[in-house]
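Accompanying notes for the structure given below.
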Amino acid sequence: MTRTDWTPRSRSAIAARVAEDIPEGWYVNLGIGVPTLVADRVPEGREVIFHAENGILGIGPAPDPAAVERWLVNAGKQHVTLLPGGCYFHHADSFGMIRGRHLDLCVLGAYEVSAAGDLANWARSVGDTAPAVGGAMDLAIGAQRVWIAMEHVTRKGAPRLVERCSYPLTSPGCVKRIYTDLAVIDVTPRGFEVRDMVPGLTLAALQDMTDAPLALAVAPDALRMG
Amino acid sequence: MTRTDWTPRSRSAIAARVAEDIPEGWYVNLGIGVPTLVADRVPEGREVIFHAENGILGIGPAPDPAAVERWLVNAGKQHVTLLPGGCYFHHADSFGMIRGRHLDLCVLGAYEVSAAGDLANWARSVGDTAPAVGGAMDLAIGAQRVWIAMEHVTRKGAPRLVERCSYPLTSPGCVKRIYTDLAVIDVTPRGFEVRDMVPGLTLAALQDMTDAPLALAVAPDALRMG
Amino acid sequence: MIDKFVPSIAEALEGIPDGATLLLGGFGAVGQANLLIEGLLETGLGNLTVVANNAGYGTVGLARLLREGRVRKLICSYPRIAGSTIFEELYAAGRIELELVPQGTLAERMRAAGAGIPAFYTPTGAGTELARGKEICDFDGRPHVLEHALHGDAALIEAWEADRWGNLTYRMAGRNFNPVCAAAASRTIAQTQHVRELGSLDPEAVATPGIFVDRIVHIPYGDPQD
Amino acid sequence: MIDKFVPSIAEALEGIPDGATLLLGGFGAVGQANLLIEGLLETGLGNLTVVANNAGYGTVGLARLLREGRVRKLICSYPRIAGSTIFEELYAAGRIELELVPQGTLAERMRAAGAGIPAFYTPTGAGTELARGKEICDFDGRPHVLEHALHGDAALIEAWEADRWGNLTYRMAGRNFNPVCAAAASRTIAQTQHVRELGSLDPEAVATPGIFVDRIVHIPYGDPQD
């Protein structure tokens, strides 16, 4: 594949594509990386309430560098702001919200997602280096919906959408939808179903970069090209 | 026993006797009845922090009837006041404090206490009438110490300190000390031990009104007559 | 724009099904969502399971709902009504089922439901009639009872202040079970004494974050009566 | 008069035994009781088990304690130190034991310890490496992991304001694990930025009631650095 007829979405464009699908009024937790970018791409005037594991609801845009509040960081330890209507609570209450299924959505990054919705995003292996899990497992089981935002393949070109995860699982069967630089794909009882692809990309070409069968989404209004 | 050489303690005097034994700085929950009276008998200048199950720490004296705050009631649904330094919290947090053993003391009323420290104070029988338990079982297992304040015998003269409770248990083995109108009695691994009695009362006479063996407390400083 | 306020009690209650499990905040006369509860009478709903600490207060709210025969089962710690025998009569006549739960276990079971914990062990009630038939397990040599989360189809609660995102504060002892119920139900409906602009509540002092609240009605009824 | 303030860090830490289990509040650079933690170095204590979300921040606090070899075991969700490889090196060299716990389970295990719940079931981690060897039980057709309370011999926390009864507030994201640790330890030691008169904190906005706090040191260090 030396030439392609399509342009992958940028990280920011993936985030925008995710943001487009978030309805007003949802409570949303954003993971580190591309997911974090989603907050800035929510369409103007649409109220979405962002949650951070470290006890914040109602996170606003990044602060003016000249006016950083050093006591206000998100779960990625970045400085943030609080919107009017935001509030603070402690870690047990915060994970009560997560585990208790009060979040409408969590957007996470991933190493791999399987056709059964298994998520691997916390460790590339177990044991060889100091492992760290953070809140990934709580978010994966707790949010009403888990959406993944990631590159479709690794830097070496290996598929990240796979028949079976090779990395340690974060949670089995938790992923509902995947937003990559090439496509938006639902995880259904029938496996991966493509909702949209970037212009110029074909299902056959996408399948070549995917390690599990792809089908086009059956609902006619679900498939959107471009 | 038509004549006695002793005067039983009044309800208020029982409360005062309990209050005398509460050191400064203890966190204390008071049950309904005689225990409630303990708050007003704490020696002047001694700071004791009173807890109510319905989410209050730092309860102060009863309010001036002309200035009752209708949003401030204790677990007995009486209007109370809040001391400077008091605060509010919800019921799950309140019972977390109780169950988590953060209270130094709970003073409760009782129908019966056994020589093993079993407490019966929530129901006279099970099933014949609508039963109600409230927070009694949580307080009985949760406080660091459970002290009982009650009359030594029932109105009909039957002992309330017994070998074995006949009423349904609130919790087995939880009572540490009993303050009655006649005596102060520790519950020890050896059974009931008398710490003090009202003036004029003899151990033999007290034993007559008690359904389990009594001994004098062994520690010399623990026994105080008067 | 997110706006959880609805103009009428009828709209606030819309969608609660017959036979629903309802969680009611309040303790004594304080913090009872009486007007929401009485609104249920207009809806014609019946066959309800009600979770509440008491069986109502006076002749309003839950006491009326009971009198009108709308409640099939009561899950409760202290099923008494001040100055009324409504509950006792229903119970004696076998016209209502009662599940008696220690007050702290009642609070913790709802807290568990809100926090995604399906079951937990508690020392409360071990060795008593109320543990009969339940799974018992020893921890640190002490028996504990396995208790299950208590989830509601709807919670009816009373707040002091509310903003359009559903952030709530309570007043003094009016907090009690209200925040616990709010988190434990599929839909949480609040009546509030005061309406506040978004951003005017102290983010450090919001007692129930809006994520737990679905609908709010402004009912400035004044102080609780008793 | 109750007064939980002590004049020095050394006095605040007095009585913590060698080999103790310490609960440390803080998330990222915010809300870390760094000066208390570094005070441990002066005491000569070692062989510690430390419960904390991260393995420290920068080169202060827990990071220093680790570098000095005082920690035998770390119970942690995300054992990384921004800008440092201290933990990784100790771990690779087999000089420290690690118990990796999902962040929400870490918070809930401490919450359980504070609330007298010895064990609970959680969906977090089911079907993953982190559930290996643990008791699994299905609720509502979903597997759950039995997790145990995590209790500390001491908690070292950071507050924004404190009064002499030990009531605490936190600042913004500085709340995080601090209130959770405070309730879960046998002795809780707080460093505070501000000292307040008793009665000047809003009773509706106290985040940690004084019942959970044993000693306080006034350490007005300013804003967290990173």
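Below, chains carry the letters A, B, ... as their sequence lines are ordered, and counting in each starts from 1.
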With chain C as the partner chain, list the residues of residues 110-119 of chain D whose heavy atoms fall under 4.5 Å from it, by residue number, and write 'none' if nothing qualifies.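 Expected list: Arg111(D), Gly116(D), Ile117(D), Pro118(D), Ala119(D).
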
Interface residues of [range] facing chain D - non-hydrogen atoms under 4.5 Å apart:
range                       : answer
residues 215-223 of chain C : none
residues 198-210 of chain C : Glu204(C), Ala205(C)
residues 165-184 of chain C : Tyr170(C), Arg171(C), Met172(C), Arg175(C)

Identify the heavy atoms of [X] and [Y] that sit nearest to each other, and give their distance.
X         : Y         : value
Leu62(C)  : Asn34(C)  : N-OD1, 4.4 Å
Pro102(D) : Thr124(D) : CB-CG2, 3.6 Å
Thr192(D) : Ala162(D) : OG1-N, 3.5 Å

Distance alone, cut at 3.5 Å: any donor-acceptor contact between the side chains of [X] and [Y]?
X         : Y         : result
Asn53(D)  : Ser77(D)  : yes
Asp153(C) : Ser186(C) : no
Glu135(D) : Tyr121(D) : yes

Please look at Glu147(C) and chain D and tell me whether the side chain, the backbone, both or neither of the residue comes under 4.5 angstrom of a heavy atom of that chain.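 No part of it gets close to chain D.
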
Any donor-acceptor pair under 3.5 Å from Asp3(D) side chain to Phe5(D) backbone: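 Yes; at least one donor-acceptor contact below 3.5 Å.
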
Could you tell me whether Arg72(C) and Glu99(C) have a side-chain N and a carboxylate O separated by less than 4.0 Å?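 No, Arg72(C) and Glu99(C) are not salt-bridged.
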
Go through the steps for Leu36(D) and Ile189(D) under the test side-chain contact (heavy atoms from CB on, under 4.5 Å), then give the verdict. CA-CA 8 Å; Leu36(D) 289 179; Ile189(D) 305 157; 3.9 Å; yes

